[in-house]
Enquirer: 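Dropping a structure here in structure tokens format, bear with me for questions.
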There are 2 protein chains.
Amino acid sequence: MALSRARVVAEAIALADADGLDAVSMRSLSERLGVVPMALYKHVRNKDELVTEMVDEVVREIAPSRPSGQWKADARALLAAARAIQHSHPWAWAAIATRGSPTPAALDHMEAMIATLRGGLSAPLAHQVMHALGSRLWGFSQEVFSSAPPSDPDVAAAAAAMLAQHWPFVLESAMSATHGPDGIVGPGCDDEAEFFFAVDLILDGAERLATIP
Amino acid sequence: MALSRARVVAEAIALADADGLDAVSMRSLSERLGVVPMALYKHVRNKDELVTEMVDEVVREIAPSRPSGQWKADARALLAAARAIQHSHPWAWAAIATRGSPTPAALDHMEAMIATLRGGLSAPLAHQVMHALGSRLWGFSQEVFSSAPPSDPDVAAAAAAMLAQHWPFVLESAMSATHGPDGIVGPGCDDEAEFFFAVDLILDGAERLATIP
DNA sequence: ACCTGAACACCGTTCAAGT
DNA sequence: ACCTGAACACCGTTCAAGT
């Protein structure tokens, strides 16, 4: 099969899905395609453009569900759809975060979200909500320090002891249960609950501001 | 002056401040220090550890102001202090975002924030708020696609025409004024207003949840 | 103990050449 | 028009050697 821009980008996404974004080099990608590195440059200007194409392709996968007419429910559904791509392409957030300006597919997604918000909010308020959503618009919440607990129980115990001595509130917080709308969900971190907890704070807050006379 | 871990890290921060994080390579840094690249490895295990040390040093600069006893005001002040480091070290957010687990200074900052939130919130609610703040805890709001308007007026006009045709809501939103608590702040994006708009949405929302019986 | 020099296994990208 | 080969200017990091 002849090389094409689409095939280069698709293979790059497959490689990133399998081995991470760092594994995508012009050299490793060309090898996967059975071609010499320089052959890629006929279909892509440089590596930066390749990553931008990868992002565009992945963002295009965000599938908006049929609007219900309820702006808050529709906004929530759109964010849930964005969240799905982060599960199938865990490298995507890092690639998105390093893009300068939005790709066409990204503009489509932004357009869909703003249009939805405008169902209940003024233009300036919708603008603010877009900023407040931040990375959550793309389905990830930028956890910064992941704080995934160590899998080794001995290491975890040592870490807990360290926290207890110097950072008691951090320890308490790490141990504290996750609160969902239906009550206590469980101990530790529930990504899904935390994502929508923040989303609801923002959307509910915006709704309240919108209805203030 | 003899090389030391502190001097290596300080010089790396100075280099990143001047030329960006990408300009910090073991080779360029060693050249600035008038030493051969391998000399750095006596003071730092590898580049990853160097960047972690840079982050720790910068996060340590976050200066908490004297607590007022009002948890919301104190939380806001702590976030404002975190925001200041992003202005003096614009590369910091990218370095922070790629660290796996929190550095000691990061734990100190988290401890201070959780302690402040616990002045008015339950442990599980404080936990959720910490997640909801996300990158804002470190003073940046992860704007993802920066959408800084092109400085060239011709390019800006062409971009606006493009938006008008395919993404009218995005255009409207880009043009819409920023809403502060005191009314319209001005057209375009006001980073400061947007940062605290989101923060207030989160803190006010949490306060409301805390006082529900 | 601390710094050096040469080398290794990688990068992205250029240029001139092949077919 | 599309792919190749060799080269350039970079990386982070190892190893053995110097002082």
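Fair warning: this is a prediction, and the values are worked out from it, not measured in the lab. Letters go in sequence order (proteins before strands), and every chain restarts at 1.
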Enquirer: Taking the six-membered ring of B/Phe195 (Phe, Tyr or Trp), confirm whether the NZ or CZ of B/Arg83 is under 6.0 Å from its centre and within 45° of its axis.
Expert: yes

Enquirer: Less than 4.5 Å apart, any side-chain heavy atom of A/Val129 and any of A/Met113?
Expert: no

Enquirer: Which nucleotide sits closest to the side chain of A/Val36: D/dT4, C/dC2, D/dT13?
Expert: D/dT4

Enquirer: B/Met26 has an atom CE; how far is it from atom P of D/dT13, in whole Å?
Expert: 6 Å

Enquirer: Can you tell me if B/Ser25 and B/Ser28 form a side-chain donor-acceptor pair at under 3.5 Å?
Expert: yes

Enquirer: By nearest atom, which of the nucleotides D/dT13, D/dT4, C/dC3 is closest to the B/Leu3 side chain?
Expert: C/dC3

Enquirer: Rounded to whole angstroms, how far apart are CE on B/Met38 and P on C/dC3?
Expert: 12 Å

Enquirer: Send over the distance from A/Asp22 CG to D/dC11 C1', rounded to a whole Å.
Expert: 13 Å

Enquirer: C/dT14 P sits how many Å from A/Asn46 CG, rounded?
Expert: 8 Å

Enquirer: Under 4.0 Å from OP1 or OP2 of D/dC2: is there any side-chain N or O of A/Lys42 that close?
Expert: no

Enquirer: Regarding B/Glu61 and B/His89, do their side chains bring together a donor and an acceptor under 3.5 Å, going by distance alone?
Expert: yes

Enquirer: Rounded to the Å, how far apart are A/Leu50 CG and C/dC11 P?
Expert: 14 Å

Enquirer: Can you measure A/Arg45 atom CZ to C/dT14 atom P for me and round it to whole angstrom units?
Expert: 11 Å

Enquirer: Among side-chain atoms of A/Trp167 and B/Asp108, is any donor-acceptor pair under 3.5 angstrom?
Expert: yes

Enquirer: Among C/dT13, D/dT13, C/dT4, which is the nearest nucleotide to the side chain of B/Ala39?
Expert: C/dT4

Enquirer: Is it true that B/Asp204 and B/Lys72 have a side-chain N and a carboxylate O under 4.0 angstrom from each other?
Expert: yes

Enquirer: Please determine if A/Arg45 and A/Glu53 form a salt bridge, counting it only when a charged side-chain N lies under 4.0 Å from a carboxylate O.
Expert: no

Enquirer: When you measure from the side-chain N and O atoms of B/His43 to the phosphate of C/dC2, is any distance below 4.0 Å, counting only OP1 and OP2?
Expert: no

Enquirer: In whole Å, I'd like the distance from the CG atom of B/Leu29 to the C1' atom of D/dC10.
Expert: 16 Å

Enquirer: Reading DNA chain C 5' to 3', what string of ( ), [ ], | and . shows its pairs, if Watson-Crick and G-U wobble pairs count only when both distances fall under 3.5 Å?
Expert: ||.|||||...|||||.||

Enquirer: Tell me which of A/Gly34 and A/Arg27 sits closer to the 5' end of DNA chain D, going by the nucleotide each one is nearest to.
Expert: A/Gly34

Enquirer: Can you tell me the distance, in whole Å, between the CD atom of A/Glu49 and the P atom of C/dT13?
Expert: 11 Å

